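Everything on this sheet refers to the single structure shown next.
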Amino acid sequence: MQRLALLPVLALAACAPSAPAPMPLAASGPTEVMVQGAAFMADLQPTQGGAQILVSREAPVLAMDEGLLAKAVAVQFCVARAQSLDPRALAVFSGGVWVFDGGCQ
């Protein structure tokens, strides 16, 4: 009788949404992106909730007031992949790197 009591629980567990599929290795990793005649690095990395794009520049290092420029790099990075930057991607500045929590879609 206890086995029958578990059937509804097991049926509901089968309906639970699945976790996002892991990002293929070929889709991640640093890529050089040219914007306004300067070279930047855009690095697409998987996260628990999807992906993030890290935007950096070797010299001079990106500053906190260059968020719009970093966003242009992220947009260009996604365009090169025939995608667009996730409109929900929020950016955070950390140690010379702009991190866009989101990715291309």
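If you read the sequence from its start, that first residue is 1, and numbering goes on from there. Source: prediction; values computed, not measured.
Proximity of Cys78 to Gln105: side-chain heavy atoms (C-beta onward) are nowhere separated by under 4.5 Å. Looking at heavy atoms from C-beta onward, Leu44 lies in side-chain contact with Arg81 at the 4.5 angstrom threshold. In this structure, the side chains of Arg57 and Met41 stay at 4.5 Å or more apart for every pair of heavy atoms.
With hydrogens and angles disregarded, no donor-acceptor distance shorter than 3.5 Å links the side chain of Ser94 to the backbone of Val97.
The only member of Val35, Leu62, Leu69 that meets side chain to side chain contact (heavy atoms under 4.5 Å, CB included) when paired with Val55 is Leu62. For the side chain to side chain contact (heavy atoms under 4.5 Å, CB included) criterion with Ile53, the lone passing option out of Asp86, Leu85, Thr31, Asp101 is Leu85.
Distance check, rounded to the nearest 0.5 Å: CZ of Phe93 to CD of Glu66 gives 8.0 Å.
Smallest separation of non-hydrogen atoms from Phe100 and Gly67: CZ-O, 4.3 Å.
Val79 and Phe40 fall within a single hydrophobic cluster, where Ile, Leu, Val, Met, Phe, Trp and Tyr are joined by side-chain heavy atoms under 4.5 Å apart, directly or via other members. No continuous path of hydrophobic side-chain contacts links Val99 to Phe77 [ILVMFWY only; heavy atoms under 4.5 Å].
Applying the 6.0 Å contact sphere to CD of Glu58 captures no more than 12 heavy atoms from other residues, nucleotides or ligands.
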